[in-house]
Amino acid sequence: MTDATVIDGKAFALGLRQRVAAGAAELKAETGVVPGLAVVLVGDDPASWIYVRNKGNAATTAGMRSFDHRFGADTDQATLLSLIDRLNRDPLIHGILVQLPLPAHIDAEAVIEAIDPAKDVDGFHPINVGRLGIGLPLLAPCTPLGCLMLLRHYAGSLAGRKALVLGRSNIVGRPMAQLLLGADCTVTIAHSRTRDLIETCREADILVAAVGRPEMIRGDWIKPGAVVIDVGINRIAGAEPGKTRLVGDVHYAEAAQVAAAVTPVPGGVGPMTIACLLLNTLAAACRGAGLPPPPEARP
Ligand code: NDP
């Protein structure tokens with residue numbers, strides 16, 4: 001097989017953002033509620049600054065209120081917890097996102113656990129993790145939620161398909177596996193200790209790669225006709241000296257020769273993450289106003 005379908009996450013995310021904006025406008029017209037997203041950033045990592053700015057801009061473009069809270073790298077945990085407490089009680093705020101990683105002197109778990117689970121738009125609070133685990137998701141983590149949406153759109157019915165999630169992190173691999181289980185896939189989770197990894201990959205109808213290893217998954221690891229979702233974002237040396245480029249965890253050119261459909265990097269999963277953050281913020285605002293969340297936010 002050649003010429004796999006390119007899963008255009010950029011276009012899909014744009015459509016999702018437009019639907020979220022329409023939903024936010026409807027919520028405002030019906031109830032006067034404007035969804036509010038608070039983004040908390042500690043430290044001065046330039047990449048994190050850009051992420052936070054992009055998230056704020058995306059929220060504003062979708063008709064939401066965006067509130068940035070920036071702290072120096074030496075900010076203490078008590079200051080951060082006091083802010084979270086204030087945001088939890090603020091009726092203008094429906095979503096709280098703390099940009100990770102936090103500096104080493106701050107206990108990230110304690111900060112995440114301090115967020116009201118109803119405002120935890122990243123879906124990292126243990127209550128939201130647990131709810132996903134028992135099949136009653138409230139707010140699902142954005143990147144895996146985005147992957148599931150792409151799969152539903154491009155792979156058709158997921159029920160009974162063999163899905164392999166490569167990676168078991170709390171932010172991608174584990175919640176991804178839970179979402180696929182919720183979609184009635186037969187799910188395998190692989191990681192650095194998995195034996196016969198290549199053989200295991202070759203059995204998958206759906207392969208989600210979240211390892212953080214540039215182009216690790218080669219074409220001959222992929223079952224012909226499989227759908228491949230590449231979560232990895234890796235910066236490697238480019239063709240010209242001093243230049244770099246982004247690649248995924250999957251060798252895209254080889255995968256495209258074998259798979260039925262595959263996400264490119266960039267332009268695949270990446271744009272879905274912010275779109276799903278907005279979707280979760282809208283869902284939290286709807287619930288706060290006593291209305292059902294958009295169906296898309298209920299995996
Ligand atoms: P982590 O480093 O937290 O987890 C990586 C996982 O891959 C671990 O479970 C690890 O196994 C497994 N792994 C590592 N090496 C191997 C190997 N050689 N063979 C098998 N398994 C292996 O990464 P994240 O989950 O946070 O991120 C994964 C990738 O996704 C990164 O490239 C990241 O940049 C990207 N990402 C993209 C996002 C987006 O918006 N598109 C959002 C979040 C992440 P073990 O547990 O045994 O160590």
Side-chain angles (χ1 to χ4, degrees), residues 1 3-10 12-13 123 132 140-156 158 161-183 185-236 244-276 299:
M1 187 180 296
D3 296 336
T5 300
V6 180
I7 299 179
D8 189 347
K10 201 171 165 188
F12 193 95
L132 185 60
C142 302
T143 301
L145 179 60
C147 294
L148 183 72
M149 283 184 183
L150 293 177
L151 280 169
R152 285 199 195 284
H153 188 76
Y154 283 91
L158 303 179
R161 313 270 290 270
K162 283 187 184 171
L164 175 77
V165 180
L166 188 43
R168 57 175 167 177
S169 72
N170 290 339
I171 61 167
V172 189
R174 286 170 198 253
M176 185 74 248
Q178 294 289 0
L179 287 170
L180 289 166
L181 191 59
C185 288
T186 302
V187 183
T188 302
I189 306 175
H191 45 79
S192 66
R193 304 295 180 91
T194 296
R195 292 184 189 156
D196 306 321
L197 180 60
I198 298 176
E199 281 309 316
T200 308
C201 288
R202 278 190 196 133
E203 289 172 9
D205 303 312
I206 291 165
L207 199 160
V208 181
V211 267
R213 307 259 180 241
E215 299 181 323
M216 182 177 115
I217 293 104
R218 309 301 301 241
D220 63 356
W221 294 32
I222 296 168
K223 179 177 174 178
V227 177
V228 179
I229 302 287
D230 189 355
V231 183
I233 301 176
N234 308 289
R235 190 166 286 285
I236 62 168
T244 61
R245 65 189 179 99
L246 291 180
V247 297
D249 292 341
V250 175
H251 193 294
Y252 182 84
E254 292 181 7
Q257 298 293 311
V258 186
V262 57
T263 54
V265 177
V269 173
M272 292 299 292
T273 300
I274 286 189
C276 287

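Keep in mind that the numbers below use all heavy atoms, side chains included, and drop hydrogens, waters and symmetry copies.
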Colleague: Locate the shortest heavy-atom distance separating Gly9 from Pro271; write the atom from each residue and the value.
Modeller: O-CB, 4.0 Å
Colleague: Taking side-chain contact (heavy atoms from CB on, under 4.5 Å) as the definition, give me every residue that meets it alongside Lys162, ordered by chain and number, with sequence neighbours left out.
Modeller: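 Checked Lys162 against side-chain contact (heavy atoms from CB on, under 4.5 Å); matches are Asp205.
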Colleague: Which atoms form the tightest heavy-atom contact between Glu215 and Arg245, and what is the distance?
Modeller: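 Distance-wise, the nearest heavy atoms are OE2-NH2, 4.4 Å.
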Colleague: Could I get the full list of ring pair (Phe, Tyr, Trp, His ring centres under 6.0 Å) partners for His191, not counting sequence neighbours?
Modeller: none
Colleague: Give the C-alpha distance, both sets of side-chain angles, the deciding distance and a yes or no for side chain to side chain contact (heavy atoms under 4.5 Å, CB included) between Val227 and Ile7.
Modeller: CA-CA 9 Å; Val227 177; Ile7 299 179; 4.0 Å; yes
Colleague: Just how far is it from atom OG1 of Thr188 to atom CG of Leu207, taken to the nearest 0.5 Å?
Modeller: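 Reported to 0.5 Å precision, the distance equals 10.5 Å.
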Colleague: If you compare all heavy atoms of Leu179 against all heavy atoms of Ala140, which two are closest, and at what distance to 0.1 Å?
Modeller: CD2-CB, 4.3 Å
Colleague: Taking only residues two or more places apart in sequence or in another chain, which ones pass side-chain contact (heavy atoms from CB on, under 4.5 Å) with Ala190?
Modeller: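 Ala190: side-chain contact (heavy atoms from CB on, under 4.5 Å) contacts with Leu164, Leu166, Thr194, Leu197.
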Colleague: Once rounded to the nearest 0.5 Å, what's the spacing between atom CG of Leu145 and atom CE of Met176?
Modeller: 8.5 Å
Colleague: Heavy atoms only: give me the nearest Thr263-Gly268 pair and the separation to one decimal.
Modeller: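 Shortest heavy-atom separation between Thr263 and Gly268 comes out as CB-CA, 4.0 Å.
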Colleague: Side-chain contact, heavy-atom cut-off 4.5 Å: Tyr154 with Asp8?
Modeller: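 Yes, their side chains come closer than 4.5 Å.
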Colleague: For the residue pair Val269 and Asp230, establish whether any side-chain heavy-atom pair is separated by less than 4.5 Å.
Modeller: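 Not touching, per the 4.5 Å side-chain cut-off.
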Colleague: Using the test salt bridge (charged side-chain N to carboxylate O under 4.0 Å, His left out), find all partners of Arg202 that sit at least two apart in sequence or belong to another chain.
Modeller: Glu199
Colleague: Under the side chain to side chain contact (heavy atoms under 4.5 Å, CB included) criterion, do Val228 and Val258 qualify, and how do the steps go?
Modeller: CA-CA 10 Å; Val228 179; Val258 186; over 6 Å; no
Colleague: Working to the nearest 0.5 Å, report the span between CD1 of Ile229 and CG of Leu150.
Modeller: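 Between atom CD1 of Ile229 and atom CG of Leu150 there are 5.5 Å.
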Colleague: Could you give the distance from CD1 (Ile206) to OG1 (Thr186), rounded to the nearest 0.5 Å?
Modeller: 10.0 Å
Colleague: I'd like to know whether Val265 forms a side chain to side chain contact (heavy atoms under 4.5 Å, CB included) with Val247, so could you lay out the CA-CA distance, the side-chain angles of the two residues, the decisive distance to 0.1 Å, and finally the verdict.
Modeller: CA-CA 6 Å; Val265 177; Val247 297; 5.7 Å; no
Colleague: Any heavy-atom pair between the side chains of Asp249 and Asn234 that's under 4.5 Å?
Modeller: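 Of all side-chain heavy-atom pairs linking Asp249 with Asn234, at least one is under 4.5 Å.
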Colleague: Do the side chain of Arg152 and the main chain of Ala183 share a donor and acceptor less than 3.5 angstrom apart?
Modeller: no
Colleague: Please list, chain by chain and in numerical order, all residues satisfying side-chain contact (heavy atoms from CB on, under 4.5 Å) with Thr244, sequence neighbours excluded.
Modeller: Arg235
Colleague: List the steps and the verdict of side chain to side chain contact (heavy atoms under 4.5 Å, CB included) for Trp221 and His251.
Modeller: CA-CA 10 Å; Trp221 294 32; His251 193 294; over 6 Å; no
Colleague: Under 3.5 Å, side chain of Arg168 to main-chain N/O of Ala177, donor-acceptor pair present?
Modeller: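 No; judged by distance alone, with no hydrogens or angles, the pair does not exist.
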Colleague: What pairs of residues pass the salt bridge (Lys or Arg N to Asp or Glu O under 4.0 Å) test when at least one of them lies in residues 251-266, not counting sequence neighbours?
Modeller: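 Residue pairs passing salt bridge (Lys or Arg N to Asp or Glu O under 4.0 Å), neighbours aside: Arg218-Glu254.
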Colleague: With a 4.5 Å cut-off on side-chain heavy atoms, are Leu151 and Leu180 touching?
Modeller: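 Yes, at least one pair of side-chain atoms sits under 4.5 Å.
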Colleague: Are Val211 and Ile217 side-chain neighbours, meaning at least one heavy-atom pair lies under 4.5 Å?
Modeller: yes
Colleague: Within a strict 4.5 Å, meaning less than it, do heavy atoms of the Tyr252 and Val6 side chains meet?
Modeller: yes
Colleague: Indicate the atoms forming the closest heavy-atom contact of Arg195 with Thr200, along with that distance.
Modeller: O-OG1, 3.8 Å
Colleague: Mind checking the CG-OG1 spacing from Leu148 to Thr143? Nearest 0.5 Å is all I need.
Modeller: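 So the gap between those two atoms works out to 12.5 Å.
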Colleague: Tell me the closest heavy-atom pair linking Val262 and Ala4, and the distance in Å.
Modeller: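 Looking at all heavy atoms of both residues, the closest pair is CG1-CB, 4.1 Å.
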